[in-house]
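Bear in mind the structure is a predicted one, so any value in this text is a computation, not a measurement. Quick note: residue numbers are just sequence positions, from 1.
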Amino acid sequence: MAKNKQPEYELQKAVVTYLTIKYPKVLYCASAGGVRTSMSQARKMKATGYKKGFPDLFIYECRGNWCGLSVELKVKGNYPNEHQKKWQEDLGNRGYCARICTGLDEAIETIKW
């Protein structure tokens, strides 16, 4: 697909590139939520534990009172759905810093913080 057809995919790639360069020793994992899949692949993902709304990026580093950082990435004009909001709420209630970031600058500032 053309770059402008998957803006959140491009945003996630940029954030992961930033993390890889700036924080090479940080332990993180990104979800494949923004990648378009076939229905059979989606069924396989669900069967192996993928959950709707899981954050785009999860950083497994404790800082201060937080157990780690989850980031849901959005581009301007896109908003989190109910599954994404619920994940953010549940993670926050369990001691994780859970943020929804719009754009690269906000994501980078959140990671730095």
Side-chain angles (χ1 to χ4, degrees):
M1 276 192 164
K3 192 174 183 178
N4 61 356
K5 298 287 185 183
Q6 293 184 316
E8 288 186 3
Y9 166 80
E10 295 298 330
L11 172 58
Q12 186 165 326
K13 277 185 12 182
V15 172
V16 168
T17 298
Y18 168 79
L19 269 175
T20 301
I21 293 168
K22 187 73 175 170
Y23 304 101
K25 293 183 179 182
V26 165
L27 181 62
Y28 72 90
C29 189
S31 77
V35 176
R36 300 287 178 231
T37 62
S38 67
M39 191 55 98
S40 64
Q41 278 303 115
R43 282 189 206 103
K44 286 179 183 178
M45 289 172 65
K46 185 175 181 181
T48 58
Y50 184 80
K51 305 280 187 188
K52 283 185 182 181
F54 186 77
D56 294 313
L57 181 65
F58 208 97
I59 300 174
Y60 299 90
E61 299 286 334
C62 299
R63 294 289 185 270
N65 293 327
W66 301 111
C67 299
L69 171 65
S70 78
V71 180
E72 180 61 42
L73 297 165
K74 294 293 172 191
V75 294
K76 188 174 183 177
N78 285 6
Y79 303 95
N81 64 40
E82 292 306 312
H83 298 286
Q84 292 165 334
K85 290 177 188 176
K86 181 75 169 124
W87 266 102
Q88 296 296 298
E89 179 184 344
D90 288 348
L91 286 166
N93 289 338
R94 288 170 171 79
Y96 294 90
C97 181
R99 298 289 183 260
I100 297 169
C101 298
T102 303
L104 182 60
D105 291 340
E106 189 174 340
I108 287 173
E109 287 306 311
T110 298
I111 291 166
K112 284 180 179 178
W113 174 81

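Under the 4.5 Å side-chain heavy-atom criterion for grouping Ile, Leu, Val, Met, Phe, Trp and Tyr, Phe54 is not connected to Tyr28 through any hydrophobic cluster. In the hydrophobic clustering of ILVMFWY residues, with side-chain heavy atoms under 4.5 Å counting as a link, Leu69 and Leu104 come out together. There is a path of hydrophobic side-chain contacts, each under 4.5 Å, that joins Leu73 to Val26. When hydrophobic clusters are built by joining Ile, Leu, Val, Met, Phe, Trp and Tyr residues whose side-chain heavy atoms come closer than 4.5 Å, directly or via intermediates, Leu91 is grouped together with Leu27.
Side-chain contact between Lys44 and Thr48: absent, with no pair of heavy atoms (C-beta onward) separated by less than 4.5 Å. A heavy-atom distance below 4.5 Å is found between the side chains of Val75 and Glu8. Between Ile100 and Gln84, the closest side-chain pair of non-hydrogen atoms is not below 4.5 Å. Side chains of Leu19 and Leu57 form a contact here, defined as non-hydrogen atoms less than 4.5 Å apart.
Heavy-atom minimum distance, Gln88 versus Pro55: NE2-CG, 3.7 Å. The two residues Ala98 and Gly92 make their nearest non-hydrogen contact at CB-N, 4.2 Å. Nearest heavy atom pair, residue Gly103 against residue Leu11, reads C-CD1, 3.7 Å. When all heavy atoms of Cys67 and Arg94 are compared, the pair lying nearest together is SG-O, 4.2 Å. Ile59 and Ile111 make their closest contact through CD1-CG1, 4.1 Å (heavy atoms, listed as atom of the first residue, atom of the second, distance).
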| said: Could you walk me through whether Lys51 and Trp87 satisfy the side chain to side chain contact (heavy atoms under 4.5 Å, CB included) test, starting with their C-alpha distance in whole Å, then the side-chain angles of each, then the deciding distance to 0.1 Å, before giving a yes or no? | reply: CA-CA 10 Å; Lys51 305 280 187 188; Trp87 266 102; 3.6 Å; yes
| query | Stepwise, does the side chain to side chain contact (heavy atoms under 4.5 Å, CB included) test hold for Ile108 with Val15? | reply | CA-CA 7 Å; Ile108 287 173; Val15 172; 5.8 Å; no
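Taken from SG in Cys101 to CD in Glu72, the straight-line distance is 9.5 Å, to the nearest 0.5 Å.
Note on ring orientation: taking the six-membered ring where Trp is involved, the planes of Phe58 and Tyr60 are tilted (angle from 30° to 60°).
The list of side-chain hydrogen bond (donor to acceptor under 3.5 Å, both in side chains) pairs with a residue in residues 99-113, not counting sequence neighbours, is empty.
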